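One structure is given here, and the rest of the page talks about it.
Given the structure is predicted, the values throughout are model-derived calculations rather than measurements. Just so it is clear: chains get the letters A, B, ... in the order the sequence lines come, proteins before strands, and each one is counted from 1.
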Protein chains: 2
Amino acid sequence: MVTLRDVARAAGVSLATASRALSDAPHVSAANREQVVRTAEALGYRPSHAARALTTGSTGTIGLVLPDLENPFFAAVAKGVQGRARETGREVLVADTDEDGDLERDLVDRLLDRVDGLVLCSPRMPPPALERVVADGRVALVNREAPGAPSVSFDTADGVRQALAHLRALGHDAVAYAGGPAASWSDALRRSAFTAGGAAEVEATEVLDLGAFRPVHAGGVQAADLALAAGASAVLCFNDLVALGVLARLHARGVRVPDDVSVVGFDDVAAATLVTPPLTTVAVPLARAGRQAVDLLDVTGGRAAGQAPERRCLPTHLVVRSSSGPAPAPAASSPAVRLSPDPEVVIP
Amino acid sequence: MVTLRDVARAAGVSLATASRALSDAPHVSAANREQVVRTAEALGYRPSHAARALTTGSTGTIGLVLPDLENPFFAAVAKGVQGRARETGREVLVADTDEDGDLERDLVDRLLDRVDGLVLCSPRMPPPALERVVADGRVALVNREAPGAPSVSFDTADGVRQALAHLRALGHDAVAYAGGPAASWSDALRRSAFTAGGAAEVEATEVLDLGAFRPVHAGGVQAADLALAAGASAVLCFNDLVALGVLARLHARGVRVPDDVSVVGFDDVAAATLVTPPLTTVAVPLARAGRQAVDLLDVTGGRAAGQAPERRCLPTHLVVRSSSGPAPAPAASSPAVRLSPDPEVVIP
DNA sequence: TTGTACGCGTTATCAC
DNA sequence: GTGATAACGCGTACAA
């Protein structure tokens, strides 16, 4: 292994000069700099990251902890973190927690003393544990918030509002909600978007809570039957994976989408465009969130002790594809009370 | 920051003894070990990875370079690498190359001097560059092979054989192949599985080469039209993403699967079960490959200089779902030459 | 501008 | 069994 000492010796300068020359520091004559760079190249010098980290105290590495690499939601965030880290000359240490809150806690601890900062994506750990973790001051949250921690989350409430307004405009006056896990922070947000009164245009919409489902395809299959039994003409889902499950089940049961039932998802993962019919869904800027989390890590370092950390909330927007359409006219298959058009509605 | 020196001082022992005590080394009295461990705990001592790496020369980190984190194929491999690394007490530095061979080369270089070993998944770089990289001796390949490098790949030839035998048994005697990028190592393997004569049971099958497509959904859409025009009753696809595209396009054009056309994919990614109809596909042990690559990294270190690196080939197996079925009886919609059963075939 | 010397936190090699 | 002490490779005050 060729060290800086070797380069300095070969270039006929001191260690300090060689160091300065290679790190673009001032106070080096052009001639010497040239000479050092040249011999470093010639000798195939590779700086030792370990040594550098030891003296500077910075590793040039940021950590990323997420629940599941195979989940397209997290993969998209990871991609964003990657990209931004690369642009700023850093590497990313990724840890997959397998959706396990305890393991997550361990990994965060292990990672924290090998990285400059940590991006925690959709952490599953309970609030007290999370608060202890963010107290370290070097972690940024994605898709969750905690007191004292910088975070970037999504305006899901507005996403829900947009989805409901869309369905309302199509004539759906009762929409079912296939929710995510009860412990989910995101699900709480979506739910509160209903109950908190929402915007004026959705006031008239009745929301049927189908319950809590595992945020995967199977959860959607389960939810679909419930939605059908409840006679809903539209189903809003916790995420796209659930929506895909709903779509599959409806298809299997011979229910046409969107003719009989409309389905709306959340997140706009890649698979949303690949199914039939393409899924109407609330798009969430996943990669952008990952990138911004990396930036928040940086400002965090420079932040004064008393200053409140920055909380960003990224906008969401509805992407209308083909899984949503006008509410069906009341028909024989609808609940009894709707068998025929209500007379009082017909008469002005 | 509390250092080992602090612990030693507080415990009333020397630096050396403290170090030995905490690293489970021999030659330490039980009493002292107990005492050191206790005070380290009390003081909240965290060993410095940078310092340790500097003296030991090992970082406890392995690198993983892959083309695209959002591609479920690579995500599965990454998950395997993660899992195995964790079990063996190491962290994983992940780098996403965005399918760019040049960037890949750079990243490999940058990563190599921060990690103990590197797993290169489906590298896109040309063979000469790859050979130079693996010459380092600390890299293991997944889904590609190179002279002198340990690697774990898949028995795709057998996968192709299984798929063709399956289709043959269903009465398809002409199957179309929707190939991947010409530069793809995997595609070359699949293609050669056809031309190399294959096993006896597939000899009689005629293979229509549809051409090379981008290994994504859109590629499948493109391929589907070609398959239809060629009058194929079955399409074997480079990977599941392409197969999903084929499925979507066939559906859009009113072609029933598997009644009119059978479709078979490759890889068995999660999405394969989520579409309608569920995809028949060749399953490939992705996560297992990732795990084994990590292990190969270890044996590589202990390997004698002259010893050839290990090349593993993991078995594949066909998963029959609902996208493949019996070949349709010749009908009006078939190519003209098949409008009616050929007389000469009917007469024995 | 250049060079000297010290410190970063650990592990490892010696004596004792 | 224990404790000085020397690396490990680099950054950087400080002196020249």
Output the rounded distance in Å from [atom1] ([X]) to [atom2] ([N]).
X        : N      : atom1 : atom2 : answer
A/Arg5   : C/dG3  : CZ    : P     : 14 Å
A/Asp113 : C/dT10 : CG    : C1'   : 14 Å
B/Arg114 : D/dG9  : CZ    : P     : 17 Å
B/Leu4   : C/dG7  : CG    : P     : 18 Å
A/Arg9   : C/dT4  : CZ    : C1'   : 15 Å

(message) Quick check for you: to the nearest 0.5 Å, what is the distance between B/Leu111 atom CG and B/Leu93 atom CG?
(response)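 Result: 4.5 Å between the selected atoms.
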(request) Could you grab the distance from atom CD of B/Gln82 to atom CZ of B/Arg291, nearest 0.5 Å is fine? (result)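 Taking CD in B/Gln82 and CZ in B/Arg291, the distance rounds to 11.5 Å.
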(message) For a 4.5 angstrom cut-off between non-hydrogen side-chain atoms, does B/Arg144 reach B/Pro127?
(response)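 They are in contact (side-chain heavy atoms under 4.5 Å apart), so the answer is yes.
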(message) Do A/Leu4 and A/Tyr45 make a side-chain contact, defined as non-hydrogen atoms from C-beta onward lying under 4.5 Å apart?
(response)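 Yes, at least one pair of side-chain atoms sits under 4.5 Å.
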(message) Quiz question: by atom type and distance under 3.5 Å, do the side chains of B/Thr61 and B/Asp116 form a donor-acceptor pair?
(response)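 Looking only at side-chain atoms, B/Asp116 and B/Thr61 do not form any donor-acceptor pair under 3.5 Å.
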(message) A quick test of your reading: do over 12 heavy atoms of other residues, nucleotides or ligands sit less than 6.0 Å from CD of B/Glu41?
(response)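 No, not enclosed.
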(message) Quick check on contacts: within residues 40-58 of chain A, what sits under 4.0 Å from DNA chain C by heavy-atom distance?
(response)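 Within residues 40-58 of chain A, the residues near DNA chain C are A/Leu54, A/Thr55.
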(request) Would you jot down, in residue-number order, the residues of residues 27-39 of chain A having a non-hydrogen atom under 4.0 Å from DNA chain C? (result)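 Contacting residues: A/His27, A/Val28, A/Ser29, A/Asn32.
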Would you check if the side chain of [X] reaches a backbone N or O of [Y] as a donor-acceptor pair within less than 3.5 Å?
X        : Y        : answer
B/Arg311 : B/Ser151 : no
A/Glu99  : A/Pro67  : no
A/Thr17  : A/Val13  : no
A/Arg86  : B/Asp96  : yes

(request) Starting from the C-alpha separation in whole Å, work towards a yes-or-no answer on side chain to side chain contact (heavy atoms under 4.5 Å, CB included) for A/Arg5 and A/Leu15. (result) CA-CA 6 Å; A/Arg5 165 176 252 100; A/Leu15 215 58; 3.8 Å; yes
(request) Output the residues of residues 14-23 of chain B in contact with DNA chain D, where contact means a heavy atom of the residue under 4.0 Å from an atom of the strand; sort by number or write none. (result)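 Correct list: B/Ser14, B/Ala16, B/Thr17, B/Arg20.
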